[in-house]
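Heads up, the thing below is written out as structure tokens.
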Amino acid sequence: MTIADQDWLSEWKKGWEPLPIGERLLVSPSWKLDQVKDDNRVVIQIDPGMAFGTGTHETTRGCLEMLEKHFHGGSLLDVGTGTGILAIAASKLHPGACVSAFDNDPEAVEVARENLEINGVAEEIELEVNKLSAYQGRDFDTVLANLTADVIIPLAPDFPGVMKPQATLIVSGILREQGDGVIAALGAHGFALLESKPDGEWVTMAFQLRS
């Protein structure tokens with residue numbers, strides 16, 4: 001049985017390859033790092049585990065692409081960080097940026113903390129178990145929320161309270177048919193749609209908070 005388990009694990013690991021995302025990012029599991037040859041990309045090491053977010057899902061990929069395009073440094077809040085992949089990407093793309101991340105799931109935060117350590121950014125990112133309301137009054141340049149539509153819509157009134165005027169909000173975890181509902185909910189609280197990026201049955205969107 002042990003041999004069979006080892007064989008299965010070996011075959012499972014073979015299926016994970018370093019994944020280029022956008023123009024500058026590359027996500028790789030630890031056992032494939034020695035195959036990474038591209039010096040022009042920022043490498044993020046994430047091993048598939050229990051927490052959602054390894055770069056292979058359309059919503060994570062969409063957020064990483066939008067992050068690369070719309071985050072230019074400054075301050076960023078990652079809402080529901082999961083594995084921490086988005087916060088890690090933000091910190092590595094813009095060293096010196098003020099990056100904060102939280103999740104309401106303590107297990108997810110422990111996974112994220114391990115990933116921050118592995119990627120050498122544990123000292124650069126504020127990470128905690130928390131909720132969005134705890135950040136009211138802090139003005140972030142960019143907010144990321146890779147959640148689901150039924151979580152994002154109720155949070156729509158709370159996002160402006162953690163953002164600077166003209167700040168960028170990137171949301172995903174949204175099925176295409178839910179997109180109009182998210183646009184309407186955020187629009188009612190001062191957000192203008194900048195860009196919508198469909199990928200399969202999902203859509204990732206970037207908004208700007210009107211002053």
Handout entry: The single option from V42, I125, L76 passing side-chain contact (heavy atoms from CB on, under 4.5 Å) against S91
Key =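 Answer after filtering V42, I125, L76: I125.
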Exercise for the section: Would you mind telling me which of L144, V143, V162 makes a side-chain contact (heavy atoms from CB on, under 4.5 Å) with V79? Expected result: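 Filter result, single survivor: V143.
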To the nearest 0.5 Å, tell me how far [X] [atom1] sits from [Y] [atom2].
{"X": "L77", "Y": "E126", "atom1": "CG", "atom2": "CD", "result": "8.5 Å"}
{"X": "E65", "Y": "E58", "atom1": "CD", "atom2": "CD", "result": "11.0 Å"}
{"X": "T60", "Y": "L86", "atom1": "OG1", "atom2": "CG", "result": "6.5 Å"}
{"X": "R113", "Y": "D103", "atom1": "CZ", "atom2": "CG", "result": "11.5 Å"}
{"X": "S28", "Y": "L33", "atom1": "OG", "atom2": "CG", "result": "4.0 Å"}
{"X": "I153", "Y": "L186", "atom1": "CD1", "atom2": "CG", "result": "8.0 Å"}

Is any side-chain heavy atom of [X] less than 4.5 Å from a side-chain heavy atom of [Y]?
{"X": "S75", "Y": "R138", "answer": "no"}
{"X": "L116", "Y": "I88", "answer": "yes"}
{"X": "D158", "Y": "Q136", "answer": "yes"}
{"X": "N130", "Y": "V109", "answer": "no"}
{"X": "H70", "Y": "T142", "answer": "no"}
{"X": "N104", "Y": "K131", "answer": "no"}
{"X": "F191", "Y": "M163", "answer": "yes"}

Applying a strict under-4.5 Å side-chain criterion to I, L, V, M, F, W and Y, I'd like to know whether [X] and [Y] cluster together.
{"X": "I85", "Y": "V99", "value": "yes"}
{"X": "I44", "Y": "M66", "value": "yes"}
{"X": "L209", "Y": "L193", "value": "yes"}
{"X": "I46", "Y": "I118", "value": "no"}
{"X": "L64", "Y": "L19", "value": "yes"}

Taking all non-hydrogen atoms of both residues into account, name the closest pair between [X] and [Y] and its distance.
{"X": "A156", "Y": "P160", "value": "O-CD, 3.3 Å"}
{"X": "I174", "Y": "M205", "value": "CD1-CE, 3.7 Å"}
{"X": "H72", "Y": "K69", "value": "CE1-O, 3.1 Å"}
{"X": "Q45", "Y": "N115", "value": "O-OD1, 4.3 Å"}
{"X": "A149", "Y": "Q178", "value": "CB-OE1, 3.4 Å"}
{"X": "N119", "Y": "V43", "value": "OD1-O, 4.1 Å"}

Exercise for the section: Scan T204, T148, T59 and name whichever one has a side-chain hydrogen bond (donor to acceptor under 3.5 Å, both in side chains) with S172. Expected result: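 Of the listed residues T204, T148, T59, the side-chain hydrogen bond (donor to acceptor under 3.5 Å, both in side chains) partner of S172 is T204.
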Handout entry: Exceeds 12 heavy-atom contacts within 6.0 angstrom, atom CD of E123
Key =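 No.
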Practice task
Enumerate the residue pairs fulfilling ring-ring contact (aromatic ring centres under 6.0 Å, His included) with a member in residues 117-169, sequence neighbours excluded, ordered by first and then second residue.
Solution key: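 Found F102-Y135.
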